[in-house]
Trainee: 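Submitted below is the structure of interest, expressed as C-alpha coordinates.
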Amino acid sequence: METAGHQAVSWRHFSVSNYSRIVVVGLGYIGLPTAAVFADHGLEIVGVDVNPRVVDSVNRGRPHFGEPNLDALVRRVVESGKLRATLEMEPGDAFIIAVPTPLVSHGAEARPDISYVEEAAKAIAPVLAPGNLVILESTSPVGTTEMLASIFADSRPDLTFPPQRGERAQVQIAHCPERVLPGNILDEVVNNARVIGGMTRKCAHAALGLYRIVVRGECRLTNARTAELTKLTENAFRDVNIAFANELSFICDRLKINVWELIRLANLHPRVNILQPGPGVGGHCIAVDPWFIVATNPDEARLIRGARLINDSKPAYVCARVAARAAALKRPVIACLGLTYKKDVDDLRESPAVTIVRQLAEEQIGELLVVEPNIAELPADLRDLGLQLHDFDDALERANLVLLLVDHMSFLQIDREVLNDKFVIDTRGIW
Ligand code: SAJ
(Lines give C-alpha, C1' and ligand atoms only; values in the text may rest on other atoms or scores of the structure.)
Protein backbone atom coordinates (compact mmCIF):
# COMPACT_ATOMS: atom_id res chain seq x y z
CA MET A 1 0.00 0.00 0.00
CA GLU A 2 1.33 3.42 -0.93
CA THR A 3 0.09 6.34 1.06
CA ALA A 4 0.21 10.08 0.61
CA GLY A 5 -0.76 11.64 3.91
CA HIS A 6 -3.75 9.48 4.88
CA GLN A 7 -5.09 8.94 1.37
CA ALA A 8 -4.49 5.75 -0.54
CA VAL A 9 -3.31 6.47 -4.06
CA SER A 10 -3.08 4.48 -7.22
CA TRP A 11 0.05 4.39 -9.29
CA ARG A 12 -1.05 1.76 -11.75
CA HIS A 13 -1.92 4.18 -14.54
CA PHE A 14 1.86 4.80 -14.82
CA SER A 15 3.04 1.66 -16.58
CA VAL A 16 6.47 0.50 -17.71
CA SER A 17 5.62 1.86 -21.16
CA ASN A 18 5.62 5.42 -19.74
CA TYR A 19 9.31 4.99 -19.07
CA SER A 20 10.91 2.86 -21.72
CA ARG A 21 14.05 5.03 -21.82
CA ILE A 22 15.63 6.36 -18.65
CA VAL A 23 18.62 8.66 -18.44
CA VAL A 24 20.66 8.26 -15.25
CA VAL A 25 22.90 11.28 -14.66
CA GLY A 26 25.98 10.41 -12.60
CA LEU A 27 27.31 6.83 -12.65
CA GLY A 28 28.77 6.70 -9.14
CA TYR A 29 27.97 4.60 -6.09
CA ILE A 30 24.24 5.25 -6.45
CA GLY A 31 23.74 6.01 -10.15
CA LEU A 32 25.48 2.94 -11.55
CA PRO A 33 23.70 0.33 -9.39
CA THR A 34 20.37 2.13 -9.98
CA ALA A 35 20.96 2.20 -13.75
CA ALA A 36 21.94 -1.47 -13.77
CA VAL A 37 18.91 -2.57 -11.77
CA PHE A 38 16.49 -0.69 -14.07
CA ALA A 39 18.31 -2.10 -17.12
CA ASP A 40 17.96 -5.58 -15.67
CA HIS A 41 14.18 -5.04 -15.66
CA GLY A 42 14.26 -4.57 -19.41
CA LEU A 43 14.29 -0.76 -19.66
CA GLU A 44 16.65 1.05 -21.99
CA ILE A 45 19.07 2.95 -19.77
CA VAL A 46 21.45 5.68 -20.85
CA GLY A 47 24.05 6.53 -18.19
CA VAL A 48 25.59 9.98 -18.48
CA ASP A 49 28.80 10.87 -16.67
CA VAL A 50 31.32 13.70 -17.05
CA ASN A 51 34.28 11.37 -16.44
CA PRO A 52 35.50 9.61 -19.63
CA ARG A 53 37.19 6.87 -17.61
CA VAL A 54 33.88 6.02 -15.89
CA VAL A 55 32.02 6.00 -19.23
CA ASP A 56 34.65 3.80 -20.80
CA SER A 57 34.75 1.39 -17.89
CA VAL A 58 30.94 1.01 -17.77
CA ASN A 59 30.78 0.47 -21.55
CA ARG A 60 33.27 -2.37 -21.10
CA GLY A 61 30.88 -3.86 -18.53
CA ARG A 62 33.10 -3.06 -15.56
CA PRO A 63 32.07 -1.04 -12.50
CA HIS A 64 34.76 1.44 -11.48
CA PHE A 65 34.32 0.66 -7.76
CA GLY A 66 33.82 -2.45 -5.67
CA GLU A 67 30.32 -3.48 -4.60
CA PRO A 68 29.13 -7.07 -4.05
CA ASN A 69 27.49 -8.61 -7.18
CA LEU A 70 27.65 -5.36 -9.17
CA ASP A 71 30.31 -6.69 -11.59
CA ALA A 72 28.15 -9.52 -12.90
CA LEU A 73 25.04 -7.34 -13.15
CA VAL A 74 26.77 -4.51 -15.04
CA ARG A 75 28.44 -6.98 -17.42
CA ARG A 76 25.06 -8.65 -18.11
CA VAL A 77 23.12 -5.44 -18.85
CA VAL A 78 25.90 -3.91 -20.95
CA GLU A 79 26.23 -7.13 -22.99
CA SER A 80 22.45 -7.26 -23.50
CA GLY A 81 22.54 -3.65 -24.77
CA LYS A 82 20.17 -2.40 -22.05
CA LEU A 83 22.79 -0.13 -20.40
CA ARG A 84 25.01 2.23 -22.33
CA ALA A 85 27.17 5.05 -20.94
CA THR A 86 27.94 8.35 -22.63
CA LEU A 87 29.48 11.75 -21.95
CA GLU A 88 26.69 13.62 -23.78
CA MET A 89 23.19 14.25 -22.42
CA GLU A 90 20.44 12.51 -24.37
CA PRO A 91 16.63 12.78 -24.35
CA GLY A 92 14.61 10.25 -22.36
CA ASP A 93 11.22 9.62 -20.75
CA ALA A 94 12.63 10.01 -17.25
CA PHE A 95 15.85 11.42 -15.78
CA ILE A 96 17.35 10.26 -12.50
CA ILE A 97 19.97 12.64 -11.10
CA ALA A 98 22.51 10.86 -8.88
CA VAL A 99 25.45 13.26 -8.84
CA PRO A 100 27.61 14.08 -5.80
CA THR A 101 26.61 16.79 -3.33
CA PRO A 102 29.92 17.30 -1.49
CA LEU A 103 30.92 19.64 1.29
CA VAL A 104 33.15 22.65 1.01
CA SER A 105 34.87 23.80 4.15
CA HIS A 106 33.66 27.03 5.63
CA GLY A 107 35.84 28.06 8.56
CA ALA A 108 35.68 25.32 11.19
CA GLU A 109 32.43 24.05 9.68
CA ALA A 110 31.27 22.93 6.26
CA ARG A 111 28.64 23.87 3.67
CA PRO A 112 26.98 21.87 0.91
CA ASP A 113 28.15 22.29 -2.65
CA ILE A 114 25.20 21.65 -4.98
CA SER A 115 26.99 22.77 -8.12
CA TYR A 116 26.91 19.24 -9.62
CA VAL A 117 23.10 19.25 -9.32
CA GLU A 118 23.03 22.67 -10.99
CA GLU A 119 25.28 21.41 -13.81
CA ALA A 120 23.10 18.31 -14.26
CA ALA A 121 19.98 20.50 -14.44
CA LYS A 122 21.59 22.76 -17.06
CA ALA A 123 22.59 19.72 -19.12
CA ILE A 124 19.11 18.15 -18.93
CA ALA A 125 17.14 21.35 -19.66
CA PRO A 126 17.80 21.49 -23.45
CA VAL A 127 16.60 17.90 -24.00
CA LEU A 128 13.47 18.09 -21.81
CA ALA A 129 10.15 17.34 -23.49
CA PRO A 130 6.49 17.44 -22.41
CA GLY A 131 5.60 14.33 -20.37
CA ASN A 132 9.11 13.96 -18.92
CA LEU A 133 9.78 13.07 -15.30
CA VAL A 134 12.89 14.35 -13.49
CA ILE A 135 13.93 12.76 -10.20
CA LEU A 136 16.64 14.09 -7.91
CA GLU A 137 18.13 11.17 -5.95
CA SER A 138 21.24 12.97 -4.68
CA THR A 139 21.11 13.80 -0.97
CA SER A 140 20.37 17.52 -0.98
CA PRO A 141 19.76 20.48 1.32
CA VAL A 142 16.14 21.53 1.71
CA GLY A 143 15.14 23.68 -1.27
CA THR A 144 17.35 21.98 -3.89
CA THR A 145 14.44 20.41 -5.80
CA GLU A 146 12.86 23.89 -6.06
CA MET A 147 16.19 25.22 -7.35
CA LEU A 148 16.23 22.45 -9.98
CA ALA A 149 12.73 23.45 -11.13
CA SER A 150 13.73 27.09 -11.39
CA ILE A 151 16.79 26.27 -13.55
CA PHE A 152 14.47 24.33 -15.89
CA ALA A 153 11.89 27.13 -15.95
CA ASP A 154 14.56 29.75 -16.74
CA SER A 155 16.10 27.82 -19.59
CA ARG A 156 12.91 26.35 -21.08
CA PRO A 157 10.19 29.04 -21.19
CA ASP A 158 8.46 26.89 -23.84
CA LEU A 159 7.64 24.21 -21.20
CA THR A 160 5.62 24.37 -17.97
CA PHE A 161 6.90 23.18 -14.57
CA PRO A 162 5.26 22.46 -11.19
CA PRO A 163 6.13 25.76 -9.40
CA GLN A 164 4.29 27.73 -12.11
CA ARG A 165 1.53 25.35 -13.22
CA GLY A 166 1.12 22.90 -10.32
CA GLU A 167 -0.72 19.71 -11.30
CA ARG A 168 -1.03 20.93 -14.91
CA ALA A 169 2.73 21.20 -15.49
CA GLN A 170 4.10 19.41 -18.56
CA VAL A 171 7.22 18.18 -16.75
CA GLN A 172 7.01 16.32 -13.42
CA ILE A 173 9.74 16.80 -10.78
CA ALA A 174 10.35 14.79 -7.59
CA HIS A 175 12.98 14.20 -4.93
CA CYS A 176 13.43 10.52 -4.07
CA PRO A 177 16.52 10.27 -1.86
CA GLU A 178 18.63 7.15 -2.08
CA ARG A 179 19.03 5.24 1.19
CA VAL A 180 21.22 2.30 0.27
CA LEU A 181 24.05 1.01 2.43
CA PRO A 182 27.37 0.62 0.61
CA GLY A 183 28.24 -3.08 0.70
CA ASN A 184 24.57 -4.08 0.34
CA ILE A 185 23.44 -1.71 -2.42
CA LEU A 186 21.83 -4.13 -4.88
CA ASP A 187 19.63 -5.65 -2.23
CA GLU A 188 18.67 -2.30 -0.72
CA VAL A 189 17.89 -0.56 -4.05
CA VAL A 190 15.11 -3.11 -4.48
CA ASN A 191 13.98 -3.89 -0.94
CA ASN A 192 14.33 -0.64 1.03
CA ALA A 193 11.30 1.52 1.73
CA ARG A 194 11.36 4.66 -0.44
CA VAL A 195 10.32 8.21 0.35
CA ILE A 196 8.94 9.86 -2.78
CA GLY A 197 8.69 13.63 -2.58
CA GLY A 198 6.75 15.15 -5.45
CA MET A 199 6.60 18.88 -6.17
CA THR A 200 2.89 18.10 -6.71
CA ARG A 201 0.80 14.98 -6.13
CA LYS A 202 0.98 14.23 -9.83
CA CYS A 203 4.79 14.42 -9.66
CA ALA A 204 4.81 12.00 -6.72
CA HIS A 205 2.55 9.55 -8.53
CA ALA A 206 4.69 9.74 -11.65
CA ALA A 207 7.86 8.99 -9.66
CA LEU A 208 6.08 6.18 -7.83
CA GLY A 209 5.16 4.64 -11.19
CA LEU A 210 8.84 4.60 -12.12
CA TYR A 211 10.16 3.17 -8.84
CA ARG A 212 7.45 0.52 -8.73
CA ILE A 213 9.12 -1.09 -11.74
CA VAL A 214 12.01 -2.19 -9.50
CA VAL A 215 11.24 -1.40 -5.84
CA ARG A 216 9.65 -4.09 -3.65
CA GLY A 217 9.82 -2.07 -0.43
CA GLU A 218 7.07 0.22 0.82
CA CYS A 219 6.82 3.56 -1.02
CA ARG A 220 5.58 6.62 0.87
CA LEU A 221 4.52 9.75 -0.93
CA THR A 222 5.16 13.22 0.43
CA ASN A 223 6.29 16.62 -0.82
CA ALA A 224 9.82 17.36 -2.06
CA ARG A 225 10.91 19.48 0.92
CA THR A 226 9.86 16.82 3.43
CA ALA A 227 11.66 14.15 1.41
CA GLU A 228 14.82 16.29 1.40
CA LEU A 229 14.78 16.71 5.18
CA THR A 230 13.80 13.06 5.77
CA LYS A 231 17.00 11.81 4.16
CA LEU A 232 19.15 14.31 6.06
CA THR A 233 17.38 13.41 9.29
CA GLU A 234 18.12 9.69 8.90
CA ASN A 235 21.84 10.28 8.58
CA ALA A 236 21.91 12.98 11.27
CA PHE A 237 20.13 10.55 13.62
CA ARG A 238 22.86 7.97 13.07
CA ASP A 239 25.60 10.60 13.44
CA VAL A 240 24.17 11.87 16.73
CA ASN A 241 23.95 8.32 18.05
CA ILE A 242 27.54 7.52 17.04
CA ALA A 243 28.64 10.81 18.66
CA PHE A 244 26.95 9.67 21.87
CA ALA A 245 29.02 6.45 21.74
CA ASN A 246 32.21 8.40 20.95
CA GLU A 247 31.57 10.80 23.82
CA LEU A 248 31.15 7.78 26.11
CA SER A 249 34.54 6.53 24.89
CA PHE A 250 36.16 9.82 26.00
CA ILE A 251 34.42 9.58 29.40
CA CYS A 252 35.38 5.92 29.83
CA ASP A 253 39.03 6.51 28.94
CA ARG A 254 39.22 9.17 31.63
CA LEU A 255 37.43 6.94 34.17
CA LYS A 256 39.36 3.78 33.16
CA ILE A 257 36.20 1.89 32.25
CA ASN A 258 35.89 -0.40 29.22
CA VAL A 259 33.47 1.43 26.92
CA TRP A 260 32.57 -1.69 24.92
CA GLU A 261 31.53 -3.55 28.05
CA LEU A 262 29.65 -0.46 29.27
CA ILE A 263 27.65 -0.26 26.03
CA ARG A 264 26.95 -4.01 25.97
CA LEU A 265 25.58 -3.78 29.50
CA ALA A 266 23.52 -0.63 28.90
CA ASN A 267 22.07 -2.16 25.74
CA LEU A 268 20.58 -4.99 27.79
CA HIS A 269 17.91 -2.44 28.75
CA PRO A 270 14.93 -3.00 26.42
CA ARG A 271 14.72 0.67 25.40
CA VAL A 272 18.45 1.47 25.05
CA ASN A 273 20.36 0.82 21.83
CA ILE A 274 23.70 2.65 21.80
CA LEU A 275 25.83 2.43 18.65
CA GLN A 276 29.57 1.73 18.63
CA PRO A 277 32.41 4.18 19.18
CA GLY A 278 35.17 4.12 16.57
CA PRO A 279 38.05 6.16 15.17
CA GLY A 280 35.59 8.75 13.80
CA VAL A 281 32.80 8.78 11.24
CA GLY A 282 33.54 8.48 7.55
CA GLY A 283 31.94 7.83 4.19
CA HIS A 284 30.19 10.29 1.99
CA CYS A 285 26.91 10.31 3.92
CA ILE A 286 26.88 10.30 7.71
CA ALA A 287 29.94 12.56 7.96
CA VAL A 288 28.45 14.97 5.41
CA ASP A 289 24.67 15.17 5.46
CA PRO A 290 24.18 16.60 8.98
CA TRP A 291 26.05 19.72 7.78
CA PHE A 292 23.28 20.22 5.20
CA ILE A 293 20.84 20.72 8.08
CA VAL A 294 23.27 22.97 9.95
CA ALA A 295 23.70 25.07 6.79
CA THR A 296 19.98 25.87 6.48
CA ASN A 297 19.32 26.03 10.25
CA PRO A 298 22.48 27.20 12.04
CA ASP A 299 20.57 28.47 15.09
CA GLU A 300 18.34 25.45 15.61
CA ALA A 301 20.68 22.53 14.74
CA ARG A 302 22.74 22.70 17.95
CA LEU A 303 22.77 18.99 18.83
CA ILE A 304 23.37 18.02 15.20
CA ARG A 305 26.34 20.40 14.92
CA GLY A 306 27.72 19.23 18.29
CA ALA A 307 27.56 15.60 17.18
CA ARG A 308 29.49 16.41 14.00
CA LEU A 309 32.18 18.17 15.99
CA ILE A 310 32.49 15.26 18.46
CA ASN A 311 32.81 12.70 15.68
CA ASP A 312 35.25 14.87 13.76
CA SER A 313 37.43 15.25 16.86
CA LYS A 314 37.94 11.50 17.19
CA PRO A 315 40.82 11.02 14.70
CA ALA A 316 43.01 13.61 16.49
CA TYR A 317 42.16 11.94 19.80
CA VAL A 318 43.26 8.56 18.44
CA CYS A 319 46.49 10.10 17.13
CA ALA A 320 47.23 11.58 20.55
CA ARG A 321 46.75 8.15 22.15
CA VAL A 322 49.06 6.53 19.61
CA ALA A 323 51.69 9.24 20.12
CA ALA A 324 51.55 8.76 23.90
CA ARG A 325 52.01 4.97 23.52
CA ALA A 326 54.74 5.35 20.91
CA ALA A 327 56.66 7.70 23.21
CA ALA A 328 57.23 4.72 25.53
CA LEU A 329 58.93 2.74 22.75
CA LYS A 330 62.54 3.15 21.71
CA ARG A 331 61.82 2.57 18.02
CA PRO A 332 58.04 2.53 17.41
CA VAL A 333 56.92 0.32 14.51
CA ILE A 334 53.16 0.78 14.14
CA ALA A 335 50.92 -1.60 12.19
CA CYS A 336 47.95 0.53 11.02
CA LEU A 337 45.21 -1.97 10.25
CA GLY A 338 42.54 -0.74 7.81
CA LEU A 339 42.10 2.44 5.82
CA THR A 340 38.55 2.28 4.45
CA TYR A 341 35.75 4.26 6.07
CA LYS A 342 34.11 1.08 7.37
CA LYS A 343 34.51 -2.68 7.30
CA ASP A 344 34.70 -4.84 4.19
CA VAL A 345 34.37 -2.07 1.58
CA ASP A 346 37.06 -0.53 -0.67
CA ASP A 347 35.82 3.04 -0.15
CA LEU A 348 38.27 5.57 1.34
CA ARG A 349 35.99 8.63 1.12
CA GLU A 350 36.13 10.80 4.26
CA SER A 351 37.75 7.86 6.02
CA PRO A 352 38.89 8.67 9.58
CA ALA A 353 41.50 5.91 9.25
CA VAL A 354 43.13 7.79 6.36
CA THR A 355 43.10 11.01 8.41
CA ILE A 356 44.77 9.21 11.32
CA VAL A 357 47.45 7.52 9.21
CA ARG A 358 48.20 10.80 7.40
CA GLN A 359 48.56 12.69 10.69
CA LEU A 360 50.79 10.00 12.23
CA ALA A 361 53.00 10.10 9.13
CA GLU A 362 53.17 13.90 9.08
CA GLU A 363 54.09 13.96 12.78
CA GLN A 364 56.59 11.13 12.19
CA ILE A 365 55.27 9.01 15.04
CA GLY A 366 57.41 5.97 14.26
CA GLU A 367 57.57 3.64 11.24
CA LEU A 368 54.09 3.03 9.84
CA LEU A 369 53.13 -0.31 8.24
CA VAL A 370 49.79 0.28 6.52
CA VAL A 371 47.56 -2.75 5.88
CA GLU A 372 44.39 -2.53 3.78
CA PRO A 373 43.36 -5.79 2.10
CA ASN A 374 40.56 -4.16 0.04
CA ILE A 375 42.68 -1.81 -2.08
CA ALA A 376 45.51 -2.41 -4.53
CA GLU A 377 47.32 0.88 -4.06
CA LEU A 378 47.56 3.62 -1.43
CA PRO A 379 46.13 7.05 -2.29
CA ALA A 380 48.72 9.43 -3.74
CA ASP A 381 48.88 11.72 -0.69
CA LEU A 382 49.86 8.80 1.53
CA ARG A 383 52.40 7.51 -1.01
CA ASP A 384 53.90 11.01 -1.11
CA LEU A 385 54.45 10.72 2.64
CA GLY A 386 56.62 7.65 1.97
CA LEU A 387 53.99 5.07 2.99
CA GLN A 388 53.42 1.69 1.34
CA LEU A 389 50.87 -1.10 1.61
CA HIS A 390 52.03 -4.05 3.71
CA ASP A 391 50.97 -7.64 4.09
CA PHE A 392 48.87 -8.25 7.24
CA ASP A 393 50.98 -11.08 8.73
CA ASP A 394 54.23 -9.33 7.95
CA ALA A 395 53.05 -6.06 9.56
CA LEU A 396 51.83 -7.89 12.69
CA GLU A 397 55.11 -9.69 13.06
CA ARG A 398 57.25 -6.56 12.70
CA ALA A 399 55.15 -4.08 14.72
CA ASN A 400 55.56 -3.31 18.40
CA LEU A 401 52.36 -1.20 18.40
CA VAL A 402 49.19 -2.41 16.64
CA LEU A 403 46.57 0.19 15.77
CA LEU A 404 43.30 -1.35 14.61
CA LEU A 405 41.32 1.22 12.60
CA VAL A 406 38.77 -0.86 10.66
CA ASP A 407 36.95 -4.00 11.80
CA HIS A 408 37.44 -5.98 8.55
CA MET A 409 36.47 -9.66 8.79
CA SER A 410 40.06 -10.67 8.00
CA PHE A 411 41.34 -8.74 11.05
CA LEU A 412 38.88 -10.50 13.34
CA GLN A 413 40.30 -13.92 12.62
CA ILE A 414 43.79 -13.57 14.06
CA ASP A 415 45.68 -15.64 16.53
CA ARG A 416 45.53 -13.39 19.63
CA GLU A 417 48.88 -14.76 20.84
CA VAL A 418 50.53 -12.66 18.11
CA LEU A 419 49.45 -9.54 20.01
CA ASN A 420 50.80 -10.64 23.39
CA ASP A 421 54.10 -8.76 23.34
CA LYS A 422 52.75 -5.60 21.65
CA PHE A 423 50.90 -2.46 22.60
CA VAL A 424 47.41 -2.64 21.09
CA ILE A 425 45.05 0.27 20.38
CA ASP A 426 41.79 -1.22 19.14
CA THR A 427 39.56 1.68 18.01
CA ARG A 428 36.70 -0.68 17.05
CA GLY A 429 36.64 -2.92 20.11
CA ILE A 430 36.88 -6.19 18.15
CA TRP A 431 39.73 -7.73 20.15
N1 SAJ B 1 30.07 3.93 12.49
C2 SAJ B 1 30.52 3.97 13.80
N3 SAJ B 1 29.78 3.35 14.76
C4 SAJ B 1 28.62 2.70 14.47
C5 SAJ B 1 28.16 2.66 13.14
C6 SAJ B 1 28.91 3.29 12.16
O7 SAJ B 1 31.56 4.55 14.11
O8 SAJ B 1 28.02 2.14 15.40
C9 SAJ B 1 30.85 4.62 11.45
C10 SAJ B 1 31.35 3.69 10.34
O11 SAJ B 1 32.53 3.02 10.71
C12 SAJ B 1 31.55 4.65 9.20
C13 SAJ B 1 30.41 5.67 9.42
O14 SAJ B 1 29.99 5.51 10.76
O15 SAJ B 1 32.78 5.34 9.31
C16 SAJ B 1 29.22 5.52 8.50
O17 SAJ B 1 28.94 4.14 8.25
P18 SAJ B 1 27.43 3.58 8.23
O19 SAJ B 1 27.50 2.12 8.00
O20 SAJ B 1 26.72 4.02 9.44
O21 SAJ B 1 26.72 4.36 7.05
P22 SAJ B 1 27.07 4.62 5.49
O23 SAJ B 1 27.68 5.99 5.40
O24 SAJ B 1 27.80 3.50 4.86
O25 SAJ B 1 25.56 4.64 4.88
C26 SAJ B 1 24.62 5.53 5.44
C27 SAJ B 1 23.32 4.77 5.71
N28 SAJ B 1 22.42 5.59 6.51
C29 SAJ B 1 21.88 5.15 7.66
O30 SAJ B 1 22.14 4.06 8.11
C31 SAJ B 1 20.95 6.09 8.36
C32 SAJ B 1 22.66 4.40 4.38
O33 SAJ B 1 21.39 3.78 4.61
C34 SAJ B 1 22.48 5.64 3.50
O35 SAJ B 1 21.89 5.31 2.24
C36 SAJ B 1 23.87 6.20 3.24
O37 SAJ B 1 24.40 6.60 4.51
C38 SAJ B 1 23.72 7.39 2.29
O39 SAJ B 1 24.01 7.22 1.09
O40 SAJ B 1 23.26 8.45 2.73
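Computed from a prediction, not measured in an experiment: that's the story for all the values here. Worth knowing before you read on, the calculation uses all heavy atoms, side chains too, and leaves out hydrogens, waters and symmetry mates. Note that ligands are numbered from 1 as they come in the structure, with each ligand's atoms numbered from 1 the same way.
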Trainee: Give a yes or no on whether the backbone of D239 and the side-chain of N311 come within a donor-acceptor separation of less than 3.5 Å.
Mentor: yes
Trainee: Is the shortest distance from a Lys or Arg side-chain nitrogen in R358 or D381 to a carboxylate oxygen in the other one below 4.0 Å?
Mentor: yes
Trainee: Among all protein heavy atoms in this structure, tell me which lies nearest to atom 25 (O) of ligand 1, with the distance rounded to 0.1 Å.
Mentor: L181 CD1, 3.4 Å
Trainee: Is the shortest side-chain N to carboxylate O distance from R220 to E218 below 4.0 Å?
Mentor: yes
Trainee: Under 4.0 Å from any heavy atom of E178, which atoms of ligand 1 are there?
Mentor: 35 (O), 38 (C), 39 (O), 40 (O)
Trainee: Is the shortest N/O to N/O distance between G282 and ligand 1 below 3.5 Å?
Mentor: yes
Trainee: Counting heavy atoms only, name the option from T340, I242, L275, I274 that's nearest to atom 7 (O) of ligand 1.
Mentor: I242
Trainee: Is it true that R194 and E137 have a side-chain N and a carboxylate O under 4.0 angstrom from each other?
Mentor: yes
Trainee: For R21, does its backbone N or O pair with a side-chain atom of D93 as donor and acceptor, under 3.5 Å?
Mentor: yes
Trainee: Among all protein heavy atoms, pick out the one at the shortest distance from atom 22 (P) of ligand 1; state its residue, atom name and that distance to 0.1 Å.
Mentor: Y341 OH, 3.6 Å
Trainee: Quick one: does G283 get within less than 4.0 Å of ligand 1, heavy atoms only?
Mentor: no
Trainee: What is the closest protein heavy atom to atom 11 (O) of ligand 1, and at what distance does it sit?
Mentor: R428 NH1, 2.7 Å
Trainee: What atoms of ligand 1 come closer than 4.0 angstrom to any heavy atom of C285?
Mentor: 23 (O), 36 (C), 37 (O), 38 (C), 39 (O), 40 (O)
Trainee: Just need the protein heavy atom nearest to atom 28 (N) of ligand 1, so name the residue and atom and give the distance.
Mentor: N235 OD1, 2.9 Å
Trainee: Please determine whether a side-chain nitrogen of the Lys or Arg among E234 and R179 lies less than 4.0 Å from a carboxylate oxygen of the Asp or Glu.
Mentor: yes
Trainee: As an exercise, identify every atom of ligand 1 less than 4.0 angstrom from a heavy atom of P182.
Mentor: 24 (O), 25 (O)
Trainee: Under a 3.5 Å distance rule, please check whether Q172 uses its side chain to pair with a backbone N or O of N132 as donor and acceptor.
Mentor: no
Trainee: Is it the case that the side chain of K314 and the backbone of G278 share a donor-acceptor pair, with hydrogens and angles ignored and the cut-off at 3.5 Å?
Mentor: yes
Trainee: Would you mind running through ligand 1 and noting each atom that sits below 4.0 Å from a heavy atom of E234?
Mentor: 31 (C)
Trainee: Is ligand 1 less than 4.0 angstrom away from at least one heavy atom of E188?
Mentor: no
Trainee: Between F411 and F392, what is the ring plane arrangement, given parallel below 30°, perpendicular above 60°, and tilted in between?
Mentor: tilted
Trainee: Tell me the protein heavy atom at minimum distance from atom 33 (O) of ligand 1, and give that distance in Å.
Mentor: R179 O, 2.8 Å
Trainee: Of the side chain and backbone of K314, name the one, both, or neither that has a heavy atom under 4.0 Å from an atom of ligand 1.
Mentor: neither
Trainee: Could you check which of K342, K343, R238, Q276 puts a non-hydrogen atom nearest to atom 2 (C) of ligand 1?
Mentor: Q276
Trainee: So does I30 get a backbone contact from the side chain of T34, meaning a donor-acceptor N/O pair under 3.5 Å?
Mentor: yes
Trainee: Under 3.5 Å, side chain of T340 to main-chain N/O of L348, donor-acceptor pair present?
Mentor: no
Trainee: Less than 3.5 Å between some nitrogen or oxygen of T139 and one of ligand 1, yes or no?
Mentor: no
Trainee: Considering only heavy atoms, which of I286, N241, L232, V180 lies nearest to atom 34 (C) of ligand 1?
Mentor: V180
